[in-house]
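Input: a single structure, listed below in structure tokens.
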Amino acid sequence: MDSYGGVGWRGRVSRGMVPLLALHVANEYLRLGHIPPVTSGLILTNTLLFLRPGPLHRLLPSINRVWFNPHLIFKNRDLRRFFLSAFYHVNEPHLVYNMMSLLWKGIQLETSMGSVEFASMVASLLALSQGATLILAKSLLLFDYDAPYYSQFSVGFSGVLFALKVVLNSRPDADYSVVHGLVVPSKYSAWAELLLIQLFVPDASFLGHLGGILAGILYLRLRRSFSGPNPLTLLLGGFVKALSWPLRFLRSSRGRLSGRGRVGRGLADAGGVWRCPLCTFDNSEWLDACEMCSTARGTINNRNQFSVDEVRQRRLQRFVR
């Protein structure tokens, strides 16, 4: 999040850095062959809300009406500020930095989790991070320390990004991370980035970023303590199936589906998938080749036909950035 002490929108839209973002997305598409749909949709939504092209400029609320301000949210019970403020950005560097971070995190998480589960997680983290920021700002009133945070205006997707960073770094294969040139243990990387950003960008919303970290931690603990399926995932999954069933008759058997695989899940509860015998990635039944390592479907489970280095390289492709 980026914070601001006033109520106006600083700066003009120069659009000098948005082409850089588009080039970066195109480069990832050429490298991977696809960009997961939820990640693509989030980047497009944030960018359109910032650029406000054509009729969108008149239809969308201005940034002055969606600033995240704890005082106004509590006073007016303003859910529009609570939710929409995460999708607005102050300037192009703010937008492009956040969207590049979302692209990297989204590709890794959505590819391994699946689009529906990733969408439900983002929705949950959005509500948790905004709620945590609101509670932190309100709690500071007890210490008579309200002015810097309770009346602060902020916008941006970085609270959700900090939460995604916590989730991403909770994976067993995440040992160390590089944070602005510093190598730190992955489980502490979000905290290190919180301090470094505040040191070099004092206008950044400290509570917004801290709320995102706490939201990620809370989400992981809730998921570990709740053994059943995520209700929001089931709801989104049913909605997607209802919308997409007419298209199933038009799909080619060679059509490519993005983000429908699973890593490390058993086949007993993953209907409609087949497991690659080489990299162990669970692919959609619609695919004829593994989405991660391109091994042909139906390849005999005999790793002796591949060299040790080739098996290692193909398995590592699941986690390549």
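Throughout, residue positions are numbered sequentially from 1 according to the sequence presented.
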Discussion item. How long is the straight-line distance from OH of Y150 back to CG of L72, given to the nearest 0.5 Å?
Written reply: 9.0 Å

Worksheet item: At their closest point, which heavy atom of M121 faces which heavy atom of V167, and how far apart are they?
Response: SD-CG1, 3.8 Å

Discussion item. Let me check something: do I213 and I135 share a hydrophobic cluster, defined by ILVMFWY side-chain heavy atoms less than 4.5 Å apart, either directly or through other members?
Written reply: no

Worksheet item: Do the side chain of N169 and the main chain of K165 share a donor and acceptor less than 3.5 angstrom apart?
Response: yes

Worksheet item: Taking only residues two or more places apart in sequence, or in another chain, which ones meet N69 in a side chain to side chain donor-acceptor pair (under 3.5 Å)?
Response: none

Fill in: Check against side chain to side chain contact (heavy atoms under 4.5 Å, CB included), S186 and R171
CA-CA 9 Å; S186 293; R171 300 185 308 177; over 6 Å; no

Discussion item. Quick check: is I43 connected to L56 through a chain of hydrophobic side chains (ILVMFWY, heavy atoms under 4.5 Å apart)?
Written reply: yes

Worksheet entry | Closest heavy-atom pair and its distance - A86, N46 | O-OD1, 3.9 Å

Response to the item:
Exactly one candidate in F157, F82, F68 meets ring-ring contact (aromatic ring centres under 6.0 Å, His included) with F87; the answer is F157

Worksheet item: Yes or no on side chain to side chain contact (heavy atoms under 4.5 Å, CB included) for H71 and Q152, after CA distance, side-chain angles and deciding distance?
Response: CA-CA 8 Å; H71 171 69; Q152 186 181 67; over 6 Å; no

Response to the item:
Tightest non-hydrogen contact, residues P61 and L84, listed as CG-CD1, 4.2 Å

Worksheet item: Do the non-hydrogen side-chain atoms of M17 and P93 ever get within less than 4.5 Å of each other?
Response: yes

Practice prompt. Indicate yes or no for a side-chain donor-acceptor contact from T111 to the backbone of Q108 under 3.5 Å, with no hydrogens or angles considered.
Written response: no

Worksheet item: Under the side chain to side chain contact (heavy atoms under 4.5 Å, CB included) criterion, do F83 and V66 qualify, and how do the steps go?
Response: CA-CA 8 Å; F83 288 107; V66 299; over 6 Å; no

Worksheet item: For I35 and S40, which heavy atoms make the closest approach, and how far apart are they?
Response: CG2-OG, 3.0 Å

Discussion item. If I take atom CG from residue L20 and atom NE2 from residue H24, how far apart are they, to the nearest 0.5 angstrom?
Written reply: 8.5 Å

Discussion item. Using 0.5 Å steps for rounding, measure from the OG atom of S124 to the CG atom of L218.
Written reply: 10.0 Å

Worksheet, complete the sentence: So CZ of R52 and OG1 of T47: to nearest 0.5 Å the spacing works out to 14.0 Å

Worksheet entry | Joint cluster assignment, V184 & F200, ILVMFWY side-chain distance < 4.5 Å | yes

Worksheet item: Tell me, do S115 and F118 make a side-chain contact under 4.5 Å, heavy atoms counted?
Response: no

Item to complete: Check the angle between the aromatic planes of H209 and F162 and answer parallel, tilted or perpendicular using the 30° and 60° thresholds.
Response: parallel

Worksheet item: For the atom pair CG (L161) and CG (L125), what is the distance rounded to the nearest 0.5 Å?
Response: 10.5 Å

Practice prompt. Consider only side-chain heavy atoms of I, L, V, M, F, W and Y, link residues closer than 4.5 Å, and tell whether L79 and L60 are in one cluster.
Written response: yes

Worksheet entry | Residues L214, L136; criterion side chain to side chain contact (heavy atoms under 4.5 Å, CB included); working and verdict | CA-CA 10 Å; L214 297 179; L136 287 172; 4.1 Å; yes

Worksheet item: Which atom names give the shortest non-hydrogen contact between P53 and L48, and what distance separates them?
Response: CD-O, 3.7 Å

Item to complete: Answer yes or no: is there a side-chain heavy-atom contact under 4.5 Å between V38 and P36?
Response: no

Worksheet item: According to a 4.5 Å side-chain heavy-atom criterion applied to Ile, Leu, Val, Met, Phe, Trp and Tyr, with indirect links allowed, do Y176 and L168 form part of one hydrophobic cluster?
Response: no

Discussion item. Applying the side-chain hydrogen bond (donor to acceptor under 3.5 Å, both in side chains) criterion to T39, which one of E28, E110, K105 satisfies it?
Written reply: E110

Worksheet, complete the sentence: Rounded to the nearest 0.5 angstrom, the CG-CD1 distance for L102 and I107 is 9.5 Å

Worksheet item: Can you check whether V90's main-chain N or O pairs, donor with acceptor, with H94's side chain at less than 3.5 Å?
Response: yes

Discussion item. Using the ring centroid of each side chain, check whether F50 and Y88 are separated by less than 6.0 Å.
Written reply: no

Worksheet item: Do you know the tightest heavy-atom contact between I217 and V166?
Response: N-CG1, 3.8 Å

Item to complete: Could you give me the CA-CA distance, side-chain angles and deciding distance for S177 and E193, then say whether side chain to side chain donor-acceptor pair (under 3.5 Å) is met?
Response: CA-CA 11 Å; S177 299; E193 187 170 358; over 6 Å; no

Worksheet entry | CZ (F74) with more than 12 external heavy atoms under 6.0 Å | yes

